[in-house]
Q: 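Quick one: structure below, then a few questions.
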Number of protein chains: 2
Amino acid sequence: MKTLKNDPPECSLNLLAMRDTLEVLGGKWKLLILHYLITRDDQINTFKKMQREITGISAKMLTKELKDLEENHLVHREQQNTKPITVRYTITEYGRSAGDLIQQLVDWGKTHRIKLLTSGQ
Amino acid sequence: MKTLKNDPPECSLNLLAMRDTLEVLGGKWKLLILHYLITRDDQINTFKKMQREITGISAKMLTKELKDLEENHLVHREQQNTKPITVRYTITEYGRSAGDLIQQLVDWGKTHRIKLLTSGQ
DNA sequence: CTGTATCCGATTGGATACTG
DNA sequence: CAGTATCCAATCGGATACAG
């Protein structure tokens, strides 16, 4: 079956898919959190540690974002048997699937910064 | 020079780069607008047409987002000699550099949707 | 048509204090 | 430590009217 050149169903589908991604991974913090957990998967990343090291995020936002990410199976929450209680957050296998995306964000940002410098802005 | 395992400068640099990208391309609309202009580069995309076809965006937001994108040289604005005046928006060469990123957003969204369906959510 | 200006409700998100 | 609850300021963003 043939599709019209300028309004193919594929275009709408792509748009829909993009909106899905932006809904799940969008906002100011989610991708930064995933990046954090991916690059520090060899460590015990507790709530407190994350809040300290992801500069600028408040407890309220970190709670909310981690909850969202957990609901989408991108992050795993595991309560430790410590006193006082600590909670370990880890990236899930599915969460890793955002790795390429994150890497591209990093790459694009680096290139953009260079462009700004060299274009004298 | 050697870097520590768990807190390499590279990690901070990556974080910084990500924040840069999220600042320039982040938010609800910018990537959708770039996607729109990339996929319809063979057409005359006017303000009105864009507002009609990018579902849900208001004039106010479209104005603001286009201005931001233009300031970052991702989008080009060109006033046409028509009566009444129309304005054509096009993607710039630099704007195209976000193409891979956008494609990954699309791909991830499609995969995510499939995952939701097959995991019975 | 392409915006801008204004009003105003809704949402975001920080600060602080508090609970288990 | 890991959050929750509350207050409150700032911003977001739609609707409408208007200007060039």
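Every chain is numbered from 1, with letters handed out A, B, ... down the list of sequences.
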Q: With a 4.0 angstrom cut-off to heavy atoms of chain A, pull out the first and last contacting nucleotide of DNA chain C, in 5'-to-3' order.
A: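 Listing 5' to 3', DNA chain C meets chain A from C:dG13 to C:dA15.
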Q: Between A:His35 and B:Leu15, is a side chain to side chain contact (heavy atoms under 4.5 Å, CB included) present by the stated rule, with each step listed?
A: CA-CA 8 Å; A:His35 174 263; B:Leu15 203 63; 3.7 Å; yes
Q: Which whole-number value in Å describes the distance from B:Met61 CE to D:dT16 P?
A: 18 Å
Q: Quick one: do A:Lys30 and A:Glu65 make a salt bridge, cutoff under 4.0 Å?
A: yes
Q: Return the value, rounded to whole Å, for the distance between atom NZ of B:Lys60 and atom C1' of D:dT16.
A: 11 Å
Q: Can you tell me the distance, in whole Å, between the CG atom of B:Leu62 and the P atom of D:dG13?
A: 13 Å
Q: Short question: side chain of B:Asp100, backbone of A:Gln104 - any donor-acceptor pair under 3.5 Å?
A: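 No: the side chain of B:Asp100 does not pair with the backbone of A:Gln104.
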Q: Is A:Lys28 touching bases, backbone alone, or none of the nucleic acid, heavy atoms closer than 4.0 Å?
A: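 Answer is nothing: A:Lys28 stays at 4.0 Å or more from every strand.
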Q: Tell me whether B:Thr21 contacts the main-chain N or O of A:Leu105 through its side chain, where contact means a donor paired with an acceptor under 3.5 Å.
A: yes
Q: Are A:Ile85 and A:Leu66 in one and the same hydrophobic cluster, where Ile, Leu, Val, Met, Phe, Trp and Tyr link if side-chain heavy atoms are under 4.5 Å apart?
A: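 Yes, one cluster joins them.
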Q: Taking 4.0 Å as the cut-off, does a side-chain nitrogen or oxygen of A:Arg77 come that near to OP1 or OP2 on D:dG3?
A: yes
Q: Would you call A:Lys49 and A:Glu53 a salt bridge, using N to O less than 4.0 angstrom?
A: yes
Q: Quick one: is A:Thr46 getting a side-chain N or O under 4.0 Å of the D:dA2 phosphate, OP1 or OP2?
A: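 So the side-chain polar atoms of A:Thr46 do come within 4.0 Å of the phosphate oxygens OP1 or OP2 of D:dA2, strictly under.
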